[in-house]
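Computation of the quantities below employed the complete heavy-atom set of this structure, encompassing side-chain atoms and omitting hydrogens, waters and symmetry-equivalent molecules. Labels below follow one simple rule: chain letters A, B, ... track the order of the sequence lines, proteins then strands, and each chain is numbered from 1. Only a predicted model underlies this, so the values are computations on that prediction, with no experimental measurement involved.
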Amino acid sequence: MSEEKSLNFIEEIISQDLASGKYASILTRFPPEPNGYLHIGHAKSICLNFGLAKHFGGKTNLRFDDTNPAKEEIEYVDSIKEDVKWLGFEWAKECYASDYFDQLYLFAVQLIEKGLAYVDDSTAEEIAQQKGTPTVPGTGNAFRNRSIAENLELFAGMKAGKFADGEKVLRAKIDLASPNMHMRDPLLYRIKRAHHHRTGDAWCIYPMYDFAHGQSDSIENITHSVCTLEFIPHRALYDWCIEQLGIYPSHQYEFARLNMTYTVMSKRKLLQLVQEGFVESWDDPRMPTISGMRRRGYTPESIRDFCERIGIAKRENIIDFSLLEFCVREHLNKVAMRRMVVTNPIKLVITNFDKGEEILHSENNPEDPNGGTREVPFSNELWIERDDFMEEPTKKYFRLGPGLSVRLKSAYIVTCESFEKDDAGNITTVYATYNPQSKSGQDTSGIHVKGTLHWVSAKHAVSVLLNEYDRLFNVEDLSSADGDFKDYINPSSLNRVNAYAEPALANDPLDVRFQFLRKGYFYQDTKSTKDKLIFNRTVGLKDAWAKEQKK
RNA sequence: UGCCUGAUGGUGUAACGGUAGCACAACUGUUUUUGGUGCAGUUUGUCUUGGUUCGAAUCCAGGUCAGGCAACCA
């Protein structure tokens, strides 16, 4: 086990920090704001933060960045915890920025006492205007020169609820001419009368991200605070706060967020998809949310494998959706139970089979020698796929056609004798004879056929509903597509089809992963019941024949 | 027209001055009671111009392109 896997740039930094003795052990954190559901982009961050700790023998905190009560809800807190656990990670401590509100308030007072923060009565518009632009320095205002005593009194007044929402803010006094806009006297506290999901109505002032995040890291003694690229300009302020307060020096490092082809990754856009009814819910199996992917049948293993394979770097990226599909196929191929399901049926009558019915056995998983077998009833009337019969077969067609023979999976070799059509010219029934010497596992017929078909005995068939999903959008790169992203929604991202399934399926436990032979991987939907079985297609099988036909 | 990031096959990601490798995708062939899986193989790449060096994807300088930064959001 000495695979020399190269380290990503963050692992590189950590291993140097550990080697130099800068830290004895590391502590990371995953810090979501509980204002929505987690998606595959968060999974990248989760796997990174928890993975870093695991790799270097450290720990990871789960911290909710709950400093904006207007957007946050307990429902999201619960879903985030569920998703992180489902992905297979355990956090050392469950923390909340709101747990530090008292401490953060004291930090702000300290800054005021050092003459490094002031209360500003300006409106949001005035402040924005006074900040200047990236190329024009900002200008100060009279409030910037308030005395320490006055600032102390006013800030206490803000906390005590003496002022209306938006009437005053606390600002850091740094540099209005800084080339970094975030250093132009950033806001530290705002007055906002909103009910907080944890602190209730105890506070009417709340710290801004920049005054909460770094200090929360510091309070928890986070060694490596990893976030995405857009926070790079915030780092100067992150460091400034820690330095002025003289507290534990956590450090921030940034990596590029995940983008994927054929989907969107922003909470805002995902929320729109839900609210405007393009999908059913946050856990709609078409959504790139963790809950949606779970419902669709993705496994935690496959998602972790995906996050491992995409790597960590600082350049913008867009990952092929096919990599995710590869990861889930690779895992499911090893663990999925094989079953036979027919979606677009035509009848296959075995004219010389007069035993009524016969119980056959079929392996649950050819990849797993210990996977066992299941019973599959065979009879003289079967359902097979319409696509598996061709009236006038082409040269490379290995399936059924007049005079052609195929193997019925785990059963017999049959030869097509004739067929029937309805008035519209559609094939309705195919007649065939079977070779009794060709029984699966004890074949003495000496016949060799190229094709093997899946099938379901008609009188034993169980009705099921299949949700066949396709990509949510029909352009690869949504970020470079003109106009509204909703214009590119794939109108046929969901195809519901009724199907006939072999009877074993009705008795399988709820959380079993399936491969419906020659169709794809399926997982029972959360809305599935004993009376109405519903399966979601996680991903299709690779289909060399479909490719061949396109040529 | 300021500051900050970044630029390696179609897509990702390595190579830390010394053979541009790996994965996905694509394409061949082979095996197969899933046109699945497995196995073998093929194709495709260092943004640009100079410089340093025996030697540059890597170091230096200029340019080009892409992304980010001016919410009482995180």
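OP1 or OP2 of C73(B) has at least one side-chain nitrogen or oxygen of R190(A) nearer than 4.0 Å. OP1 or OP2 of U37(B) lies within a sub-4.0 Å distance of a side-chain N or O belonging to K542(A). When the side-chain nitrogen and oxygen atoms of K192(A) are compared with OP1 and OP2 of C73(B), one or more of them lie within a distance under 4.0 Å. Listed pair T67(A) / A74(B) meets the phosphate criterion, a side-chain N or O lying under 4.0 Å from OP1 or OP2. Between R315(A) and the phosphate of A7(B), there is a side-chain N or O to OP1/OP2 separation shorter than 4.0 Å. The phosphate of A71(B) has neither OP1 nor OP2 within less than 4.0 Å of any side-chain N or O from R268(A). Residue K519(A) places none of its side-chain N or O atoms closer than 4.0 Å to OP1 or OP2 of G36(B).
Between the CD atom of Q515(A) and the C1' atom of U33(B) there is a distance of 14 Å, rounded to whole Å. Here A70(B) presents its P atom at 11 Å from CD of E230(A), a figure rounded to the nearest Å. Following rounding to the nearest Å, E363(A) (CD) and U33(B) (C1') show an atom-to-atom distance of 8 Å.
The base of C16(B) is paired with the side chain of E12(A) by a donor and an acceptor separated by under 3.5 Å. Judged by distance alone, with hydrogens and angles left aside, R407(A) brings a side-chain donor or acceptor within reach of the base of U33(B), the pair sitting under 3.5 Å. For D320(A) and G10(B), a side-chain-to-base donor-acceptor distance below 3.5 Å is present, hydrogens and geometry of angles not being considered. If you check distances only, the side chain of R399(A) does reach the base of G35(B) with a donor-acceptor pair under 3.5 Å. Between the side chain of E254(A) and the base of U5(B), no donor-acceptor pair of N or O atoms lies under 3.5 Å. For T452(A) and U34(B), a side-chain-to-base donor-acceptor distance below 3.5 Å is absent, hydrogens and geometry of angles not being considered.
Between U5(B) and G9(B), the two C1' atoms lie 24 Å apart (nearest whole Å). For U31(B) and G18(B), the C1' atoms lie 42 Å apart once the distance is rounded to whole Å. Separating the C1' atom of C69(B) from that of C73(B) is a span of 15 Å, rounded to the nearest Å.
Closest to the side chain of F398(A), from the set A74(B), A70(B), G35(B), is G35(B). Nearest nucleotide to the F231(A) side chain, out of A74(B), U5(B), U33(B): A74(B). Of the candidate nucleotides A14(B), C73(B), G36(B), C73(B) has the atom nearest to the side chain of K71(A). Considering only side-chain atoms of I232(A), the nucleotide from U37(B), C4(B), C16(B) that sits closest is C4(B).
Backbone-only contact: I310(A) has heavy atoms under 4.0 Å from sugar-phosphate atoms and none from a base. Within the nucleic acid shown, S122(A) comes within 4.0 Å of at least one base atom, counting heavy atoms only. Across all strands, K396(A) comes closer than 4.0 Å to base atoms (heavy-atom distances).
The aromatic ring centroids of Y105(A) and F211(A) lie 6.0 Å or more from each other.
By the 30° and 60° cut-offs, the orientation of the rings of H234(A) relative to H182(A) is tilted. The aromatic rings of H213(A) and Y238(A) sit tilted relative to each other, their planes meeting at an angle between 30° and 60°. Below 30°, between 30° and 60°, or above 60°: for F155(A) and Y189(A) the angle between ring planes is above 60°, a perpendicular geometry.
Of the nucleotides present, none pairs with A70(B) by Watson-Crick or G-U wobble criteria with both distances under 3.5 Å. Base pairing annotation: G12(B) forms a Watson-Crick or G-U wobble pair with C22(B), both donor-acceptor distances under 3.5 Å. Of the nucleotides present, G38(B) is the one that pairs with U30(B) by Watson-Crick or G-U wobble criteria, both distances under 3.5 Å. Across all strands shown, U1(B) forms no Watson-Crick or G-U wobble pair with both key distances under 3.5 Å.
Under a cutoff of 6.0 Å and an axis angle of 45°, R198(A) and Y96(A) form a cation-pi pair.
Across all non-hydrogen atoms, the minimal contact from P288(A) to M293(A) is O-SD, 3.8 Å.
Between E367(A) and N35(A), the one whose closest nucleotide on RNA chain B sits nearer the 5' end is E367(A). Between T133(A) and K439(A), the residue anchored nearer the 5' end of RNA chain B, judged by the nucleotide with its closest heavy atom, is K439(A).
How far CZ of F30(A) is from SG of C47(A): 10.0 Å, rounded to the nearest 0.5 Å.
Aromatic stacking is not marked for Y209(A) over A74(B), as the cut-offs of 5.5 Å for the centres and 30° for the planes do not both hold.
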